[in-house]
Amino acid sequence: MRQIDVTDHIDKTRFGKFQWSVVGLCALLLIVDGYDVFVAGTVLPKLIQEWGLTKPQAGTLQAWALFGMMFGAFIFGSLADRVGRKKGIAISFLMFTIATLLTGFATSPEQFKIFRFFAGLGCGGLMPNAVALMNEYAPKRLRSTMVALMFSGYSVGGMLAAGLGMWVIPNHGWQPMFFVAVLPLLLLPAILWRLPESLGFLIRQGDQDRARRVLSRVDPNLQLRSTDTLIFTEAKGSSASITELFQHQRLLRTSMLWVAFFCCLLLVYLLSSWLPKVLQEAGYAEKASLLSLFSLNFGGMAGAILGGRLGDRFGLPKVVVAFFVLAALSIGLIGSNPSSALLFALVFVAGATTIGTQILLYASVAQLYPLAVRATGLGWASGIGRIGAIVGPTFGGLLLAQQYPLQQNFLIFAIPAAISAMAMMVYALASARQTEALKPVEA
């Protein structure tokens, strides 16, 4: 009888067709997730016009989905621990696609808020479960790359929302943008059929037969016998105390990461919610304003992949600081009424250095904390970021209601990026001092 550690075996096995199918399915899920998150920004100008909303009211309208995402991450994360990642993903997917479809039938802001809240619940539950599943099936040497590829689906969904909006909204109104959610519902049988269950969950449930069948798909060359026992090693960090995040000279660095998370997600959701509306009011055509949302998400996809490669070469803190400096500059310059070509270039850079930088911040958290408290560190940093995501659209609505000149609005929009750059600079200096202090003293 053999004992096989599945984590160790996957780390040593060639990345094959089965794992590529997991990447593809998870990326497909995040495309739908990204579409659902960014579609609200494409329809916001029409909602303001049809329902006579003030900008603060419109900002609050956007925030309801973000409240749902925050609660969804907590609810469906713990639910999936009990029923399995696959079922958790399927329930989340079903919830946000149905809620998105129903949003198209909303006839009042109150109905719109309710449907968007439930859509947010599903979106919030899907992402962490998809990331956890992808992490489990990717070998350690490729984990960051595969997660980045999977995350690119989120930006593709945003680009799809913007591209579809350019044709659908002027010709058919805003409702069909939500009706198209019926198409992803057709994917649910494929998800249930093709997506594997978490090996760790199967082993914890004592379902060795199913676990052996899944591992045989991961590595077809592995000859498993019915007497073989699979084991799954994992770090027990989720129950660690939050106070541990501030111990061992980590107080300053933890605080600075939280500031950066808050400001980064504030920017992502501020721009995705309000960029089309602000550019339309500045005189850009409706299609041009929606194309800016496409450019923002295309930049996010490119920034995540490029940032990861640069981070491996030059160190994550330096790259994150540089990205936030570029974010502040590009966002500030958007308000100078540039030509359309320059506008799209600036929005592309803004997307690369805000949406793309989210993943770099998650990687920074993972590098800061030891294994025992890493899950706690990621959870709290993500939670702080979600607060920023809720603040972003609301803050944008209140700011735009003041009717400041375009340039002043974007200079104010750039402030969170500048704060993030300073916070990560302090983080980088503190990390460098800590590294220097840990070097052995030469005789």
Side-chain angles (χ1 to χ4, degrees), residues 30-48 55 58-70 96 100 103 116 119-120 123-124 127 151-166 169 174 177-178 262-280 284 288-304 327 330-331 334 343-344 346-359 385-397 399-400 409-410 413-414 416-417:
L30 286 183
I31 288 172
V32 182
D33 195 350
Y35 178 91
D36 184 87
V37 169
F38 286 97
V39 69
T42 67
V43 304
L44 190 62
K46 281 289 184 186
L47 295 179
I48 291 173
K55 290 186 174 73
T60 304
L61 204 67
Q62 298 289 72
W64 274 75
L66 301 171
F67 274 114
M69 288 178 72
M70 183 173 66
F96 79 71
T100 299
T103 305
R116 292 303 293 157
C123 287
M127 187 178 291
F151 255 107
S152 67
Y154 185 75
S155 293
V156 171
M159 289 188 281
L160 185 62
L164 196 61
M166 283 186 284
I169 295 173
W174 63 269
M177 293 294 291
F178 295 98
F262 178 90
C263 291
C264 183
L265 268 75
L266 185 153
L267 269 174
V268 168
Y269 287 93
L270 171 67
L271 292 173
S272 63
S273 296
W274 285 108
L275 190 61
K277 176 62 178 174
V278 174
L279 293 178
Q280 283 183 38
Y284 292 93
S289 67
L290 290 173
L291 191 58
S292 70
L293 204 58
F294 182 94
S295 185
L296 185 79
N297 282 281
F298 187 58
M301 181 175 64
S330 58
I331 293 169
I334 290 172
L343 170 70
F344 297 138
L346 290 170
V347 172
F348 176 88
V349 174
T353 52
T354 54
I355 297 173
T357 308
Q358 286 182 80
I359 297 172
R386 286 293 169 204
I387 297 171
I390 293 167
V391 170
T394 308
F395 167 72
L399 176 65
L400 295 173
N409 279 328
F410 278 96
F413 285 0

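Computed over heavy atoms, backbone and side chain alike; hydrogens, waters and symmetry mates excluded.
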Inset, instruction - State the CZ-CG distance between Arg116 and Leu61, to the nearest 0.5 angstrom. - result: 9.0 Å
Inset, instruction - Taking side chain to side chain contact (heavy atoms under 4.5 Å, CB included) as the test, write out the residues that go with Ser155, two or more places apart. - result: Asn297, Met301, Ile355
Inset, instruction - Not counting sequence neighbours, which residues clear side chain to side chain contact (heavy atoms under 4.5 Å, CB included) with Ala162? List them please. - result: Leu293, Phe294
Inset, instruction - Might you point out which heavy atoms bring Pro416 and Leu267 nearest each other, and give the distance in Å? - result: CB-CG, 3.9 Å
Legend entry - Which atom of Ile334 lies closest to which atom of Ala350, heavy atoms considered: CD1-CB, 4.5 Å
Legend entry - Gap separating the CG atom of Asp33 from the OG1 atom of Thr100, nearest 0.5 angstrom: 9.0 Å
Inset, instruction - Identify the heavy atoms of Phe96 and Val32 that sit nearest to each other, and give their distance. - result: CE1-CG1, 3.5 Å
Inset, instruction - Check the pair Val39 / Thr103 against side chain to side chain contact (heavy atoms under 4.5 Å, CB included), numbers first and verdict last. - result: CA-CA 11 Å; Val39 69; Thr103 305; over 6 Å; no
Inset, instruction - Check Ser272 against Pro276 and note the closest heavy-atom contact, atom names and distance. - result: O-CD, 4.3 Å
Legend entry - Pairwise distance CH2(Trp64) to CD1(Ile390) - rounded to 0.5 angstrom: 11.5 Å
Inset, instruction - Return the minimal non-hydrogen interatomic distance between Cys264 and Thr354, and the atom names on each side. - result: SG-O, 3.4 Å
Inset, instruction - Would you give the length of the straight line joining atom CG of Leu271 to atom CZ of Phe413, rounded to the nearest 0.5 angstrom? - result: 7.0 Å
Legend entry - Side-chain heavy-atom pair Leu399, Leu270 within 4.5 angstrom cut-off: no
Inset, instruction - Applying side chain to side chain contact (heavy atoms under 4.5 Å, CB included), run through Phe298 and Val347 and close with a yes or a no. - result: CA-CA 9 Å; Phe298 187 58; Val347 172; over 6 Å; no
Legend entry - Residues which pass ring-ring contact (aromatic ring centres under 6.0 Å, His included) with Phe262, listed by chain and number, not counting sequence neighbours: none
Legend entry - Residues that Lys55 engages under side-chain hydrogen bond (donor to acceptor under 3.5 Å, both in side chains), provided they are two or more places apart: Glu281
Inset, instruction - Side-chain contact test, heavy atoms from C-beta onward, threshold under 4.5 Å: evaluate it for Thr42 versus Tyr35 and give yes or no. - result: no
Legend entry - Partners passing side chain to side chain contact (heavy atoms under 4.5 Å, CB included) against Phe344 (at least two apart in sequence or in another chain): Ala288, Leu291, Ser292, Ser295, Ser340
Inset, instruction - Sequence neighbours left out, what passes side chain to side chain contact (heavy atoms under 4.5 Å, CB included) with Ala304? Give chain and number order. - result: Ile359
Legend entry - Approximate separation, where rounding is to 0.5 Å, of Ile331 CD1 and Asn409 CG: 13.0 Å
Legend entry - Main-chain N/O of Ile169 paired with Trp174 side-chain donor or acceptor, under 3.5 Å: no
Inset, instruction - To the nearest 0.5 angstrom, please state how far the OG1 atom of Thr353 sits from the CZ atom of Phe348. - result: 10.0 Å
Legend entry - Over all atoms of both residues, closest heavy-atom pair of Tyr269 and Arg386: OH-NH1, 3.3 Å
